[in-house]
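In what follows, chains are A, B, ... by sequence order, proteins preceding strands, each numbered from 1. These numbers come from a predicted model, not from an experiment.
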Amino acid sequence: MTSRLERIAQQRRQKLDRIRTRGINPYPHRYHRSHTTQEAVALLKQEEGERETLTLRTRGLRDSSPSVTVAGRITARRNMGKITFMDLRDSSGKIQLLCGELLDVDQNQILKEIDIGDIIGASGRLFRTKTKEPTIAVSDLTLLAKSLRPLPEKWHGLSDVDTRYRQRYLDLIANTEVKETFQVRSRIITAIRQFLNQRGFLEVETPVLQPSAGGALALPFITHHHALDQDFYLRIATELHLKRLIIGGFDKVYELGRIFRNEGISTKHNPEFTMLESYEAYADYNDVMKMLEEMVSNISQQVLGTDKIKFGDNIIKFKPPWQRLSLRQAIKEYSGIDFDQFPDADSLRAEMLKLKMEVDPQKDRGRLIDELISTFVEPNLMQPTFLLDYPVEMSPLAKVKPDDDRLVERFEAFAGGMEIANAFTELNDPIEQRQRFLQQQKEREAEGEMVESIDEDFLLALEYGMPPTGGLGVGIDRLVMLLTNQQSIREVILFPQLREKT
RNA sequence: GGGCCGCUAGCUCAAUUGGAAGAGCAGCUGACUCUUAAUCAGCAGGUUAGAGGUUCGAGUCCUCUGCGGCUCACCA
């Protein structure tokens, strides 16, 4: 495109040609390294420790210094006349290379053609320079892959968010803290698996392509299967299939998987995101609460070494027990509205209008209450908090409370001002479940929204009998945001959704 | 989808009221045997996101388009 970039690419292609002319393959098939850079530095320290006990402290290269072979990307180069220092980085860390008199004529020629960004392999003895930098005195140098494009700036890194997300590999090369975030993400997911496996949960995989998108109320993505000539939805939840497995006799199951919702994109929403759902037979939402607070606290402890974490300007303490607050109390406390006194949508809406809220007249009572939560309550829930006992009309898959059929046994967990989990004592009465689905359909029809067909296959399964069950859904991306102190979901998803650049 | 803000060299950023588009890094040439944001000397590098308009003159003002960020709406 622009001549500057073209010129650099052209210069590097010329270097490629010169390398090939000398009969050297700039993209060889394999290279065997003996150590990662981290292991090499550790080896040097170990060897120095032993040496110190034998003799007086000596530095610099000696015949007894251990030899290593490492490989990685060159991230810096400093020419000093007859010697050249380079920084070589691999996924474990970095080490300095010293190239000088130990290289033969051919390898000195290769050294001249090496740019920042190239992938190389290097062997030699470990030593420390007089500034004590762990260094390999390179005796053998191999080009493993020539880079044809310049890397982002070494000091400021890459900061343009558009480029960071579209070319995440550059972000990972230039910004080490980004790499760390995704390493922590991986450790969190491993820790979740360990926690659940230890408790006897079975990890399962259920379909992403579904004939009807159930288990949540969200706009699905639609795709088409050609051989079957049938439309399918990408799942918006794993709930209904996991319950089928509870019916099938797996008493504890979970799935960690990608969920797709065709809705707005924001700092807290990506169209595809990762959700943990778990179901435990013979448990209720109280058992699930205990498990969740323990799980998050354990994970934080295991991954970060503490259950007190910094999130923005706040310190969040995950140590159980978390605050438990009834939804009614919470809304009353933060907005002043007691929704029990407004049993229908109209009266509640009128009350909300008094608070100068802009209220959509289409919304039913459940959605109005939801709006009260997100406007007044959610932003205030910095410390981990369970909101308990939601109105039945906003929870068609949850079982009503034994003493109050207007409420269900459901909780949502909040931390850092975000919803991170949703759980309930699962409704297992097939007849009531059918009525709830029908009721929901009626309401959606009245609101003029798209009405999904009822998942008859799920109702059929329920009719065979599902044990009383506690179910849980956790937004993994938001949990990772909390534990990595990130304010945008795009910082914890490697390739967040962006509009295609034309 | 609405509102606000942004887009200048490969990267990070300047450019006074509308008055000659600049620096650092990266690159190229040269010097240098312990540097590490190496240093020193020199060179080169631009469709100012795109299109149109106002003006003697536009990176700067106006309109439209594209992409991004924040935010609102949407969101069990």
Q. Should A:R499 be listed as having a side-chain N or O under 4.0 Å from OP1 or OP2 of B:rC67?
A. yes
Q. OP1 or OP2 of B:rC75 sitting under 4.0 Å from any side-chain N/O of A:R367?
A. yes
Q.
Could you check whether A:Q497 and A:Y165, counting side-chain N and O atoms only, form a donor-acceptor pair closer than 3.5 Å?
A. no
**Q.** Rounded distance (Å) that lies between atom P of B:rA14 and atom NE2 of A:H156
**A.** 11 Å
**Q.** RNA chain B: stems of at least 3 consecutive Watson-Crick or G-U pairs whose donor-acceptor distances fall under 3.5 Å
**A.** B:1-7 with B:66-72, B:10-13 with B:22-25, B:27-31 with B:39-43, B:49-53 with B:61-65
Q) Say you pick atom P in B:rG22 and the same atom in B:rG46; how far apart are they, in whole Å? A) 12 Å
**Q.** Spacing between A:R7 atom CZ and B:rA9 atom C1', to the nearest angstrom
**A.** 12 Å
Q: Would you please say whether a donor-acceptor pair under 3.5 Å links the side chains of A:S147 and A:D118?
A: no
Q) Within the pair A:K154 and B:rA26, is there a side-chain N or O less than 4.0 Å away from OP1 or OP2? A) yes
Q. Quantified in whole Å, what is the P atom distance between nucleotide B:rC34 and nucleotide B:rA23?
A. 31 Å
(Q) Using atom C1' in both nucleotides, what's the gap between B:rA20 and B:rC56 to the nearest angstrom? (A) 16 Å
Q. Does the A:R13 side chain pair with the main chain of A:L148, one donor and one acceptor, at a distance under 3.5 Å?
A. no
Q.
Donor-acceptor pair, distance only, cut-off 3.5 Å: does the side chain of A:N422 make one with the backbone of A:E412?
A. no
Q | Phosphate OP1/OP2 of B:rC74 contacted by A:K268 side-chain N/O (<4.0 Å) | A | no
**Q.** Test item: side-chain donor near acceptor, A:E409 and A:T425, under 3.5 Å
**A.** yes
**Q.** Atom P, compared across B:rC32 and B:rA58: separation rounded to whole Å
**A.** 50 Å
Q.
Regarding A:L217, tell me which of base, sugar-phosphate or nothing describes its non-hydrogen contacts under 4.0 Å with the strands shown.
A. base
Q.
By the 4.0 Å heavy-atom rule, please label A:R261 as base, sugar-phosphate, or nothing.
A. nothing
Q: Report which part of the nucleic acid A:R164 touches: base, sugar-phosphate, or nothing (heavy-atom distance under 4.0 Å, all strands).
A: nothing
Q: Record whether the side chain of A:Q440 comes under 3.5 Å of the base of B:rA76 through a donor-acceptor pair of N or O atoms.
A: yes
Q. Looking only at side chains, do A:R410 and A:S395 share a donor and an acceptor under 3.5 Å apart?
A. yes
Q | A:K94 or A:L158, whichever maps to the more 5' nucleotide of RNA chain B | A | A:L158
(Q) Considering only residues two or more places apart or on different chains, which pairs with a residue in residues 170-179 of chain A satisfy salt bridge (Lys or Arg N to Asp or Glu O under 4.0 Å)? (A) A:R164-A:D171, A:R168-A:D171
Q: Please report, rounded to the nearest Å, how far the C1' atom of B:rA31 is from the CE atom of A:M80.
A: 11 Å
Q.
What's A:L151 touching, base or sugar-phosphate or nothing? Going by heavy atoms closer than 4.0 Å.
A. nothing
Q) Of the nucleotides B:rA76, B:rG10, B:rC67, which has the atom closest to the A:P150 side chain? A) B:rG10
Q: Classify the side-chain pair A:Y285/A:D389 by whether it contains a donor and acceptor separated by less than 3.5 Å.
A: yes
Q | A:S374 or A:P152, whichever maps to the more 5' nucleotide of RNA chain B | A | A:P152
Q. Using the P atom in both, what is the distance from B:rU48 to B:rG10, to the nearest Å?
A. 12 Å
Q. Is there side-chain contact between A:I114 and A:T84, with at least one heavy-atom pair below 4.5 Å?
A. no
Q.
Using the P atom as the point on both nucleotides, what is the distance between B:rG6 and B:rC61, in whole Å?
A. 9 Å
Q: Would you indicate what A:A218 reaches in the nucleic acid, counting non-hydrogen atoms under 4.0 angstrom: base, sugar-phosphate, or nothing?
A: nothing
Q) Between B:rA76, B:rG27, B:rU35, which nucleotide gets closest to the side-chain atoms of A:R410? A) B:rA76
Q: Measure from the side chain of A:R12, starting at C-beta and using heavy atoms only, and say which of B:rG24, B:rG27, B:rC34 lies closest.
A: B:rG27
(Q) Output the rounded distance in Å from CE (A:M275) to C1' (B:rA76). (A) 10 Å
Q. Just checking, is any N or O donor in the side chain of A:E255 or A:T206 under 3.5 Å from an acceptor N or O on the other one?
A. yes
Q: Check whether any side-chain nitrogen or oxygen of A:S266 sits under 4.0 Å from OP1 or OP2 of B:rC70, and answer yes or no.
A: no
Q.
Using a heavy-atom cut-off of 4.0 Å across all strands, would you classify A:T267 as base, sugar-phosphate, or nothing?
A. sugar-phosphate
Q) Can you tell me how far C1' of B:rC75 sits from CD1 of A:I236, to the nearest Å? A) 11 Å
**Q.** B:rC34 OP1/OP2 closer than 4.0 Å to side-chain N/O of A:R128
**A.** no
Q) Considering only heavy atoms and no angle criterion, is a donor-acceptor pair shorter than 3.5 Å present between the side chain of A:H269 and the base of B:rC75? A) yes
Q. Of A:T238, A:L427, A:L397, which meets side-chain contact (heavy atoms from CB on, under 4.5 Å) against A:K243?
A. A:L397
Q: Quick one: label A:D160 by what it contacts on the DNA or RNA (base, sugar-phosphate, nothing), any heavy atom closer than 4.0 Å.
A: sugar-phosphate
Q.
Base, sugar-phosphate or nothing for A:G215? Non-hydrogen atoms, less than 4.0 Å.
A. base
Q: Tell me what A:Y165 touches on the nucleic acid: a base, only sugar-phosphate, or nothing, going by heavy atoms under 4.0 Å.
A: sugar-phosphate
Q.
Expressed as a whole number of angstroms, how long is the span from A:R166:CZ to B:rC7:C1'?
A. 13 Å
Q: Determine the contact category for A:Q96: base if any of its heavy atoms lies under 4.0 Å from a base atom, sugar-phosphate if only primed atoms, P, OP1 or OP2 are that close, otherwise nothing.
A: base
Q. Please give, in whole Å, the distance from B:rA76 P to A:I369 CD1?
A. 14 Å
Q) Considering only B:rU33, B:rA44, B:rA76, which nucleotide approaches the side chain of A:I83 most closely? A) B:rU33
**Q.** Side chain of A:L5 - closest among B:rG27, B:rG10, B:rC34
**A.** B:rG10
Q) Taking the same atom, P, in B:rA38 and in B:rG24, what whole-Å distance lies between them? A) 15 Å
Q.
Taking the minimum atom-to-atom distance to the side chain of A:R490, which one of B:rC70, B:rG10, B:rC34 wins?
A. B:rC70
Q: Considering just the side-chain nitrogens and oxygens of A:R78, establish if one lies under 4.0 Å of OP1 or OP2 belonging to B:rA38.
A: yes
Q.
Whole angstroms only, please: what is the CG-C1' distance between A:D162 and B:rG68?
A. 5 Å
Q) Among the nucleotides B:rA26, B:rC34, B:rC74, which one has an atom lying closest to any side-chain atom of A:E263? A) B:rC74
Q. Just checking, any donor-acceptor pair under 3.5 angstrom between side chains of A:T37 and A:D90?
A. yes
Q. Can you tell me how far P in B:rA49 sits from the matching atom in B:rA15, rounded to whole Å?
A. 15 Å
**Q.** Short side-chain N/O contact from A:S159 to OP1 or OP2 of B:rC13, under 4.0 Å
**A.** yes
Q) Using a cut-off of 4.0 Å on non-hydrogen atoms, how would the nucleic acid contact of A:G264 be classed: base, sugar-phosphate, or nothing? A) base
